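Only a predicted model underlies this, so the values are computations on that prediction, with no experimental measurement involved. Every chain is numbered from 1, with letters handed out A, B, ... down the list of sequences.
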Number of protein chains: 2
Amino acid sequence: MRSRRWRVGELASATGTTVRALHHYEEAGLLAAAERTSGDHRLYDEAGVERLYRIRALRGLGMSLEEIKKAIEDGSILADLLRTHLNRVELEVDRIVRLRDRLRSITQSGKQVSADDLLATLDAMSCVERHVHARRRKKKANDSDVESQWRILADQLRACMSGGERPSSKRTIALASQARSLMKSFADGDAEVLSALARLRIADPPRDLAGWTPDLIRYLDRALAALDKHLTTKLEP
Amino acid sequence: MRSRRWRVGELASATGTTVRALHHYEEAGLLAAAERTSGDHRLYDEAGVERLYRIRALRGLGMSLEEIKKAIEDGSILADLLRTHLNRVELEVDRIVRLRDRLRSITQSGKQVSADDLLATLDAMSCVERHVHARRRKKKANDSDVESQWRILADQLRACMSGGERPSSKRTIALASQARSLMKSFADGDAEVLSALARLRIADPPRDLAGWTPDLIRYLDRALAALDKHLTTKLEP
DNA sequence: ATACAACCTCACGTCACGTGAGGTTCAAGC
DNA sequence: GCTTGAACCTCACGTGACGTGAGGTTGTAT
């Protein structure tokens, strides 16, 4: 029972990547060939194809290769990643359609193009590019600050949970709001994708920080839901 | 009559770019502030906003900053660039909708995801990213080869034009086909955008190559149109 | 005067590859 | 078996559009 195999050029061409990228992923410890021929040619299998999809999807979500490396060993379910990816693509469709509509309106109006038109167009353009920005912002700056904030937040949230406070209590909601702020700084405001990433245990809160146990994360999820409900109620026009 | 002014941070924030990028564009000779305050703060005007739009739109079309610098001094009409940009965005909408539809179909099917599904998804993903690839491919490799090919092609096409051949003659169409191949290698197959870029005198054929006069470019345009008509007639099922 | 945000220039660093060099392997055709 | 050319290998320098931080000045509000 010999399963399918792809040489590096075949895989690159079938997936629209490059041989160089596949080499690079192997060097980076992300994706090794299933085997080598006697002549040392790489042969990838179906598991490799799936792994390549994971790599490229997570990269599209703004993660660096180093982060992808960590995330990809999680044994997360492919279907979850597909859903997260789809959510992200839906957002991108919305953004680019918005830009298209703006450009259509400008080019069809026959009037002189105003500076405000161009400013708004430029802003829409940067929204389309936003995922690239998010990737590049993931630098070391203030990592220790962010980590200590997460740790403090975990302590406070655990006190609420241990003390039997409902996720919708005033205090818990305030902490959830803080958590949201921290999370926003990671993924540039895409709250919906963020919560999906959190479920994938990829995004903040960092998994390797003491205190952020699965039950605490679930508690935070419920607090975030309560926060959303609270905000919706409060903001009804 | 004092027109509007933006400080660098205001412009960056209104357009979704960064202060650093605006600094960089100034260094690169792409976009200078209209004036400076007594404290040396930059002040941009409406012409600067327009120029920033041009820069970002051309960058989105895959050009390097150096190429943008050349292109932007052409005195081309803003409306033409807006149209070209819109054409490009329409293509991008198509591509990302295709990817979204594929992801929807996979996540909703409830069946095991096959390697072929993933291969096709990865390919669709790379189509979405295609403009980034085109930018990165503009390297020195084979520039002299490409230039000589363009030169030879110009000579041959001029012979047809001077000899009074219609753009739809067999020989002219064959040359147009060759031109299309050369153009494809530049912009990764986006023929529609390519012809728009050619009209903007941005893309190939290179403007600084002897022989590619405006009348010859117009002749090529007509030959390309005749080629398209010829192909459509030939390929009718 | 003080405080803080926004600004200035300078300059090293980034990251996911691109590119080319120099060589080997593979497969098809004769 | 030999030849040819495409596909493959490893190695390693280079890339480009900024990101980031340092150290200082300017502008505005209190």
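- Between C:dC17 and A:His23, no contact under 4.0 Å exists linking OP1 or OP2 to a side-chain N or O.
- A:Leu65 places its CG atom 9 Å from the C1' atom of C:dC17, with the value rounded to the nearest Å.
- Here A:Arg4 pairs with B:Asp116 in a salt bridge; the nearest charged N to carboxylate O distance falls below 4.0 Å.
- B:Tyr44 places its OH atom 10 Å from the P atom of C:dC7, with the value rounded to the nearest Å.
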Where do N or O atoms of nucleotides 24-27 of chain C meet protein N or O atoms at under 3.5 Å, pair by pair?
{"unit_1": "C:dC26", "atom_1": "OP1", "unit_2": "A:Thr37", "atom_2": "OG1", "d": "3.4"}
{"unit_1": "C:dC26", "atom_1": "OP1", "unit_2": "A:Gly39", "atom_2": "N", "d": "3.3"}

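- Terminal axes of the helix from C:dA1-D:dT30 to C:dC30-D:dG1 (five pairs each, C1' rotation axis) are separated by 30°, to the nearest 10°.
- Within the 4.0 Å cut-off from OP1 or OP2 of C:dG18, at least one side-chain nitrogen or oxygen of A:Thr18 is found.
- Spacing between atom CD of B:Glu10 and atom C1' of D:dG27 amounts to 12 Å, rounded to whole angstrom units.
- Not one side-chain nitrogen or oxygen of B:Arg20 sits closer than 4.0 Å to the OP1 or OP2 atom of C:dC8.
- Between the side chains of A:Glu67 and A:Ser64, at least one donor-acceptor pair of N or O atoms lies under 3.5 Å.
- Residues A:Ser114 and A:Asp117 have side chains that bring a donor and an acceptor to within less than 3.5 angstrom of each other.
- Separating the CH2 atom of A:Trp6 from the P atom of D:dA7 is a distance of 19 Å, rounded to the nearest angstrom.
- Here B:Arg54 pairs with B:Glu50 in a salt bridge; the nearest charged N to carboxylate O distance falls below 4.0 Å.
- Of the side-chain N and O atoms in A:Tyr25, none sit less than 4.0 angstrom from OP1 or OP2 of C:dA16.
- Sorted by first and then second residue, the salt bridge (charged side-chain N to carboxylate O under 4.0 Å, His left out) pairs involving residues 11-20 of chain A (not counting sequence neighbours) are A:Arg20-A:Glu27.
- Using a 4.0 Å cut-off between charged nitrogen and carboxylate oxygen, A:Arg104 and B:Glu90 count as a salt-bridge pair.
- Distance A:Arg59 CZ to C:dC15 C1': 11 Å, rounded to the nearest Å.
- Put simply, A:Arg42 has a side-chain N or O that comes within less than 4.0 Å of OP1 or OP2 on D:dC9.
- Rounded to whole angstrom, the span from the CG atom of B:Leu22 across to the P atom of C:dC8 amounts to 10 Å.
- In terms of modelled atom types and a separation under 3.5 Å, the side chain of B:Ser105 and the main chain of B:Asp101 share no donor-acceptor contact.
- Ion pairing of B:Asp80 with B:Arg83 is present here, as a side-chain N (NZ or NE/NH1/NH2) and a carboxylate O approach within less than 4.0 Å.
- In this structure, of C:dT9, D:dC18, D:dC9, it is C:dT9 that holds the atom nearest to the side chain of B:Arg36.
- Taking atom CD of A:Glu129 as the reference point, atom C1' of D:dA17 lies 12 Å away to the nearest angstrom.
- The side chain to side chain donor-acceptor pair (under 3.5 Å) test with A:His41 singles out one residue from A:Glu35, A:Arg36, A:Arg7, and that residue is A:Arg7.
- At whole-Å resolution of the value, CE in A:Met63 and C1' in C:dC15 are 15 Å apart.
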